[in-house]
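Residue numbers begin at 1 in each chain, while the letters A, B, ... track the order of the sequences. Given the structure is predicted, the values throughout are model-derived calculations rather than measurements. Side chains are part of it too, since the values below use all heavy atoms of this structure and drop only hydrogens, waters and symmetry mates.
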There are 2 protein chains.
Amino acid sequence: MVTPQESKPNNLVQTIERVSLILDILGQNPQGISVRDLSLKVSLPKGTTHRLLSSLSYLGYVRQDPKTRNYLLGFKLVELGNLLLGQLDLRKEAEPFLRELAERTKETVHMVILDRNEVVYIDKVEVAHNPSGLRMASRIGLRNPAHSSAVGKVLLSLFSDEALNQFLKEKKLSKRTEHTITDTVQLKEHLKMVRNQGYAIDDEENEKGVRCVGAPIYNEAGNAVAAVSISGPAFRVTKNMAQETLKKEVMKTALDISRRLGYRGGR
Amino acid sequence: MVTPQESKPNNLVQTIERVSLILDILGQNPQGISVRDLSLKVSLPKGTTHRLLSSLSYLGYVRQDPKTRNYLLGFKLVELGNLLLGQLDLRKEAEPFLRELAERTKETVHMVILDRNEVVYIDKVEVAHNPSGLRMASRIGLRNPAHSSAVGKVLLSLFSDEALNQFLKEKKLSKRTEHTITDTVQLKEHLKMVRNQGYAIDDEENEKGVRCVGAPIYNEAGNAVAAVSISGPAFRVTKNMAQETLKKEVMKTALDISRRLGYRGGR
DNA sequence: GAACATCGTTCCATAATGCGAAACGATTTA
DNA sequence: TAAATCGTTTCGCATTATGGAACGATGTTC
């Protein structure tokens, strides 16, 4: 089955489009932004921008700093976003396993799903005091390309030919670092290998200095619905480490979670 | 200074109002909802509902289950919500202290802020295996009334008379349990005591069987900007426990965080 | 397996809704 | 004190969203 790319509706509601743009811009301004500056950024008259903001503000999607009068993102978004996260059964089931994995390996553990052919982080477990004190820049809700991450590649490796071609058609393989696989043929070869191994390594392909190992989580029906990964600084997560110990740890955790979801395969 | 209630704009944009209603309803339906059922719930024609959904879907605020064709909340909300959380410096600074508090007390720790005179959970730390295996139903992003929670009361206790009257005018003191303080005069008396103590106890006032202890977090300017609490089942968090050991723990953590934020008061 | 029922989706003439230039009022700056 | 620069509000106009109806796809019933 092919997850269809959400095509641009020909009758996109103008207000919704504008609101989305406004929220994106507010997200980029942690200290808030004035009506004037915002109106310039969205190329709308001040009056129009203000009307949209006051409606959004009333409903909680936006808030206004009483001192600076700047507008910021509102907590309604936190409410809805975490409501959605809380509705993911997968997350509830997986959490203890993720914690355990983080504890054992002392590295950061992520769980992701695929949404519109992109990786979305739906959980993250960090150990309180990891050896180096380094913290991953990742955040729950963050999106990453599939082709440059361990979790993404391991999920892509289980795509049907049809779905993979669809993916390649709609996404271009952006070069995130010098190690990113940006060639279609090369990626296809690589994915074959990943599929056979049952895990993927992100060898500084998404972010310089960060190496990850990822494995797929299957549901009862045997479909890969998510992926787990261990991420860490490349100097600690060496290639050897990844291919030896970490690979086993991640695969075990992924299988445990899959079993928990009713998966019956995997030997 | 009075935090103003967000008054209903006389020129509320219809589309935004409708979208907000739709998202709220989607949030109530974890398994998704059909266009038809949704159109009935929002009292809009199917065509109109569908147009709004497809616009929202294109932008990621909503997603459609390919099998059931039901509509669900989309991950754009997780993205924006967690982006906002990540922008709260308070949260970054406080996190290690919250973890430590949870570890020491083996109970669930919350951090909240006040938004539109309601309590919003912005962080939650649970110990992996708490004694009873009970888990709080709370969730980051959740809103609670201020008058029935320890964190809410401790923040209300620091309101100016003006601000408190404003609060009482706009919120009615809903009776959440048989212990909830619903009388204005009684609440004012109680808040005086809380202010003197420097901490508040929620004695099953918000949820039956749950007791909490909360203390305020101050910023550099000496304003209470947030609150921490310990919550647990009433049989474990007894009144004595709360007033003796837990009170001290929470207040210490709150002060530590306040200091971290540059607060110079508190003896 | 054919006819029906029930969805989700698209269409299009209509008018209601949001639009935005301009005025207003409140702060801040010169 | 004056001027400049905001945020906010207003209101007549026309663009935009509206929603009833038709279409098409899916699955259900007999």
Side-chain angles (χ1 to χ4, degrees), chain A residues 1-23 25-26 29 31-59 61-74 116, chain B residues 1-23 25-26 29 31-74:
Chain A
M1 183 190 314
V2 184
T3 310
Q5 155 90 320
E6 201 66 51
S7 60
K8 181 156 186 164
N10 44 2
N11 54 350
L12 186 51
V13 178
Q14 192 185 53
T15 301
I16 296 181
E17 201 177 12
R18 289 177 169 182
V19 162
S20 181
L21 180 57
I22 286 176
L23 294 180
I25 292 173
L26 292 184
N29 293 75
Q31 79 296 348
I33 187 171
S34 67
V35 175
R36 204 193 90 91
D37 288 354
L38 183 60
S39 76
L40 291 175
K41 287 214 180 195
V42 297
S43 309
L44 286 175
K46 243 190 334 172
T48 304
T49 307
H50 182 266
R51 181 160 25 80
L52 294 172
L53 283 174
S54 67
S55 294
L56 287 171
S57 192
Y58 172 66
L59 294 162
Y61 292 89
V62 152
R63 67 191 204 278
Q64 189 177 23
D65 186 308
K67 288 197 218 310
T68 65
R69 298 200 161 240
N70 278 358
Y71 285 89
L72 306 126
L73 291 180
R116 298 146 160 263
Chain B
M1 183 191 313
V2 183
T3 310
Q5 156 87 322
E6 201 66 52
S7 61
K8 182 158 186 164
N10 46 0
N11 53 350
L12 185 52
V13 178
Q14 193 184 52
T15 301
I16 296 182
E17 201 177 12
R18 289 178 169 181
V19 162
S20 181
L21 181 57
I22 286 176
L23 294 180
I25 292 173
L26 292 185
N29 293 74
Q31 78 296 347
I33 187 170
S34 67
V35 175
R36 204 193 90 91
D37 288 354
L38 182 61
S39 76
L40 290 176
K41 289 215 180 196
V42 298
S43 309
L44 287 174
K46 247 191 331 174
T48 304
T49 308
H50 182 267
R51 181 160 25 78
L52 294 172
L53 283 173
S54 68
S55 293
L56 288 170
S57 192
Y58 171 67
L59 295 162
Y61 292 88
V62 152
R63 67 192 205 279
Q64 189 176 22
D65 186 308
K67 287 197 218 309
T68 65
R69 296 196 165 244
N70 278 358
Y71 285 89
L72 306 127
L73 291 179

>> Could you go through Leu73(B) and Leu23(B), starting from their C-alpha distance and side-chain angles, then the distance that decides it, and tell me whether this counts as side chain to side chain contact (heavy atoms under 4.5 Å, CB included)?
In response: CA-CA 7 Å; Leu73(B) 291 179; Leu23(B) 294 180; 4.0 Å; yes
> Is there a side chain to side chain contact (heavy atoms under 4.5 Å, CB included) between Leu12(B) and Tyr58(A) once you walk through the steps?
Replying inline: CA-CA 9 Å; Leu12(B) 185 52; Tyr58(A) 172 66; 3.9 Å; yes
>> Go through it in stages, so that I can follow the logic: the residues are Arg51(B) and Thr49(B), the test is side chain to side chain contact (heavy atoms under 4.5 Å, CB included), and I'd like the CA-CA distance, side-chain angles, deciding distance and then a yes or no.
In response: CA-CA 5 Å; Arg51(B) 181 160 25 78; Thr49(B) 308; over 6 Å; no
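Relative to the axis of its first five pairs, the axis of the last five pairs of the helix from dG1(C)-dC30(D) to dA30(C)-dT1(D) sits at 40°, rounded to 10 degrees.
Between the side chain of Ser39(A) and the backbone N or O of Arg36(A), at least one donor-acceptor pair lies under 3.5 Å.
Residues that satisfy the side-chain contact (heavy atoms from CB on, under 4.5 Å) test with Arg18(A), not counting sequence neighbours, are Gln14(A), Leu44(A), Thr48(A), Leu52(A).
Separating the CD1 atom in Ile16(B) from the CG atom in Leu21(B) is a distance of 14.0 Å, to the nearest 0.5 Å. Note that OG of Ser34(B) and CG of Leu53(B) are 10.0 Å apart. Values are rounded to the nearest 0.5 Å.
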>> At under 4.0 Å between heavy atoms, how does the protein contact nucleotides 5-20 of chain D? Give one character per nucleotide, 5' to 3', with B, S or -.
In response: -SBBBS-----SSBB-
